[in-house]
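Beneath this line is the structure, given in structure tokens, with notes to follow.
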There are 2 protein chains.
Amino acid sequence: MIDSDVHIEVPNAQALFPYLADYWIEHITNTLFKGPTDTYYPPKSPVAARADSRRDDGAPPGSSLALLQEHVLGGQVDYAVLNCLYAIDSLHNPDAAVALASAVNDWQIAEWLDKEPRLRGSIVVPSQLPALAAREIDRVAGHPGFVQVLLPVRAQHPYGNRLFHPLWEAITRNDLVAGIHFGGAPGNPPTPSGWPSFFFEEYAGMAQVFATQLTSMVSEGVFDQFPTLRVALLEAGFTWLPAHMWRFDKEWRNLRRLVPWVKRPPSEYIREHVRLTVQPLDAPPDPKGLLQVVNQLGSEELLMYASDYPHQHAGDPESVLLRHLSPTVAQKIRSDNARAWYRL
Amino acid sequence: MIDSDVHIEVPNAQALFPYLADYWIEHITNTLFKGPTDTYYPPKSPVAARADSRRDDGAPPGSSLALLQEHVLGGQVDYAVLNCLYAIDSLHNPDAAVALASAVNDWQIAEWLDKEPRLRGSIVVPSQLPALAAREIDRVAGHPGFVQVLLPVRAQHPYGNRLFHPLWEAITRNDLVAGIHFGGAPGNPPTPSGWPSFFFEEYAGMAQVFATQLTSMVSEGVFDQFPTLRVALLEAGFTWLPAHMWRFDKEWRNLRRLVPWVKRPPSEYIREHVRLTVQPLDAPPDPKGLLQVVNQLGSEELLMYASDYPHQHAGDPESVLLRHLSPTVAQKIRSDNARAWYRL
């Protein structure tokens with residue numbers, strides 16, 4: 001099995017000191033700046049993480065290699081893809097963003113990837129600064145542990161915008177996956193109608209953010225310009241995708257003269273260039289309805305198993321989804337699809 | 001039959017002069033201000049309207065009562081609900097917004113509702129100014145032709161925000177429907193990631209704007225506070241709704257302690273308080289898939305027939321949707337659901 005979404009966490013800024021220049025160590029030590037303070041989830045909530053992932057020493061869940069080896073790699077899992085959600089995108093100081101992203105990547109190499117061969121990593125980048133993000137990708141992509149570049153789905157601009165071309169160039173040049181993940185802290189509201197009042201709205205509404213990013217990337221011709229680009233949508237849910245593809249295809253037939261470089265129905269680009277992890281599962285209550293949606297995806301290659309460790313979920317993909325599918329399809333989701341996407 | 005979405009258009013600002021104070025007539029005559037210039041669709045596109053709705057005198061499609069009577073009311077349609085998309089929400093001058101909204105409503109009464117008893121109207125309001133919108137609703141709601149208040153789905157704030165309470169109070173006090181329609185010109189971007197580059201993206205992405213507005217209204221407890229509020233989503237499509245309700249219900253179970261006033265699963269509020277028009281139809285290509293989605297709505301009461309006259313569409317609801325449904329359900333969509341919602 002491949003676990004395509006496992007989280008590790010930088011316990012505190014001091015953990016990055018071995019990987020930071022003296023200037024930044026002094027700055028973090030002597031000023032109020034202690035690295036990003038934004039997080040994509042409420043991190044201290046008792047239900048945000050499995051109880052057994054919390055350590056007595058107060059280190060945050062996802063910060064211990066030994067626990068992760070025991071909890072994630074102990075069973076049938078051959079590889080786990082790590083995603084370190086460190087809100088570089090919230091930093092306005094571009095030099096701080098670059099320095100901290102680089103430190104997180106060197107920390108990942110030294111403390112995770114080089115210590116455990118079954119782990120694969122995602123490069124953390126200043127996604128708000130595409131050219132500098134590209135430079136960081138080129139700096140560390142040579143390490144065989146990195147298979148992906150992590151991008152928060154919330155952003156100041158739609159990812160199809162030409163501002164982001166240096167990012168897609170660097171990702172495809174290094175044969176990596178663009179992992180677009182739930183959350184982000186770009187400063188602009190998470191809805192097209194301004195700021196919601198409650199985190200619940202932001203959480204439930206993240207499916208709409210994923211949908212608009214897909215719309216942008218296909219419409220702007222990102223996949224025409226970067227035909228080898230592979231995207232993984234992480235913690236996106238997937239049951240919203242069939243209806244989105246129907247509407248997208250239909251309006252493309254109607255309005256394609258506005259985007260003549262989009263030569264094929266959008267759903268074809270999506271099926272060719274996009275994969276999605278299955279946890280958390282935004283499923284209907286009945287297995288029959290869930291099977292209908294899986295069929296409506298129109299491809300057996302799109303879904304990838306993920307535990308979302310150490311985050312806690314009421315249902316696990318095995319019991320909610322996989323046991324209802326044919327053994328062939330379940331096997332693809334458990335392993336083959338991620339193995340192909342991440343070249344494992 | 002009931003046609004729940006028919007468009008009429010103010011041909012030009014001069015048409016409103018009989019309903020405007022001298023101050024505004026002089027202002028429009030002597031300055032560059034000629035009323036709102038934003039529109040929710042590209043109005044001059046040859047495919048934006050049926051060819052036979054264009055008149056030789058250059059008046060815009062939807063501006064002739066005689067043509068509308070011939071095209072919409074000629075067949076089996078007993079009533080048509082009018083929606084006049086006049087971009088009051090784009091005006092920064094609050095007095096201009098109020099004056100022009102009032103003029104459009106008086107023009108609707110004099111030139112449409114009082115001349116044709118089969119027409120029903122939607123009150124145009126300055127939705128960006130909820131208290132002033134409420135005053136305008138109270139001013140004209142006594143006219144028996146008005147059944148709805150028209151609100152653009154794009155807005156500066158989510159409609160669940162407490163800023164909008166005066167609006168929901170006025171709508172329910174007058175026993176009207178809140179008709180939330182495709183489009184809007186609030187000034188902020190139509191995606192949660194900033195401005196898209198092409199109108200195609202905005203058009204395909206409008207489903208996400210509708211979804212976030214529903215999320216906001218349910219999450220903020222609008223339907224708990226205004227239990228008689230009836231909402232119609234106009235030109236929203238509907239195939240995105242089942243997956244949205246699955247995710248919304250699931251995350252409500254997870255995070256409901258953040259919104260304890262939301263006592264029931266969000267899908268129950270939506271089925272009780274929301275209806276949707278069926279044109280344009282964001283349907284899968286196969287009738288079988290479409291029937292699955294209609295079943296997944298979980299209610300036969302949600303959909304209402306609409307032609308979207310004079311806008312032109314490739315498919316009509318009769319051939320794409322209704323003929324595939326049971327006669328009972330088709331009859332509800334053709335007539336009963338709208339008859340109940342609009343009290344016809």
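Throughout, protein chains are lettered first and strands after them, A, B, ... in sequence-line order, and every chain is numbered starting at 1.
- Of the two parts of A/Pro158, the backbone and the side chain both hold a non-hydrogen atom closer than 4.5 Å to a non-hydrogen atom of chain B.
- Residue pairs satisfying the side-chain hydrogen bond (donor to acceptor under 3.5 Å, both in side chains) criterion with at least one member in residues 186-207 of chain B, sequence neighbours excluded, are listed as follows: A/Gln213-B/Ser193, A/Glu220-B/Ser197, B/Arg154-B/Glu202.
- Of all the listed residues (A/Thr239, A/Asp249, A/Leu241, A/Asn161), the one sharing the greatest number of non-hydrogen pairs under 4.5 Å with chain B is A/Thr239.
- Nearest approach of A/Pro190 to B/Pro192, heavy atoms of both residues: O-CB, 3.3 Å.
- With chain A as partner, the option from B/Pro196, B/Ser216, B/Gly289 having the largest number of non-hydrogen pairs under 4.5 angstrom is B/Ser216.
- The greatest number of non-hydrogen atom pairs below 4.5 Å with chain A, out of B/Gly315, B/Ser219, B/Pro284, is found for B/Pro284.
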Verify side-chain contact (heavy atoms from CB on, under 4.5 Å) between A/Val262 and B/Phe200, making sure each step is shown before the conclusion.
CA-CA 11 Å; A/Val262 182; B/Phe200 170 48; 5.6 Å; no

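- Looking at heavy atoms from C-beta onward, A/Phe198 lies out of side-chain contact with B/Leu255 at the 4.5 angstrom threshold.
- Chosen from A/Gln292, A/His244, A/His157, the residue pairing most often with chain B at heavy-atom distances under 4.5 Å is A/Gln292.
- When each of B/Lys250, B/Arg253, B/Arg247, B/Met245 is scored by its heavy-atom pairs under 4.5 Å with chain A, the top score falls to B/Arg247.
- Residue with the most contacts toward chain A among B/Gln296, B/Arg256, B/Arg162: B/Gln296 (heavy-atom pairs, distance under 4.5 Å).
- The CE atom of B/Met206 sits 11.5 Å away from atom OG1 of A/Thr215, with the distance rounded to the nearest 0.5 Å.
- The candidate from B/Trp252, B/Trp246, B/Phe248 with the greatest count of non-hydrogen atom pairs under 4.5 Å with chain A is B/Trp246.
- Contact of A/Val209 with chain B is made through backbone and side chain together, with heavy-atom distances under 4.5 Å.
- Contacts of A/Val218 with chain B are absent, with no heavy-atom separation under 4.5 Å from either backbone or side chain.
- Residue-level contacts of residues 274-281 of chain B with chain A, in order of numbering, are B/Pro280, B/Leu281; threshold 4.5 Å between heavy atoms.
- No other option in A/Gly160, A/Gly237, A/Gly205, A/Ala207 has as many heavy-atom pairs under 4.5 Å with chain B as A/Ala207.
- For chain B, the nearby part of A/Ala283 is the backbone; its heavy atoms alone come within less than 4.5 Å.
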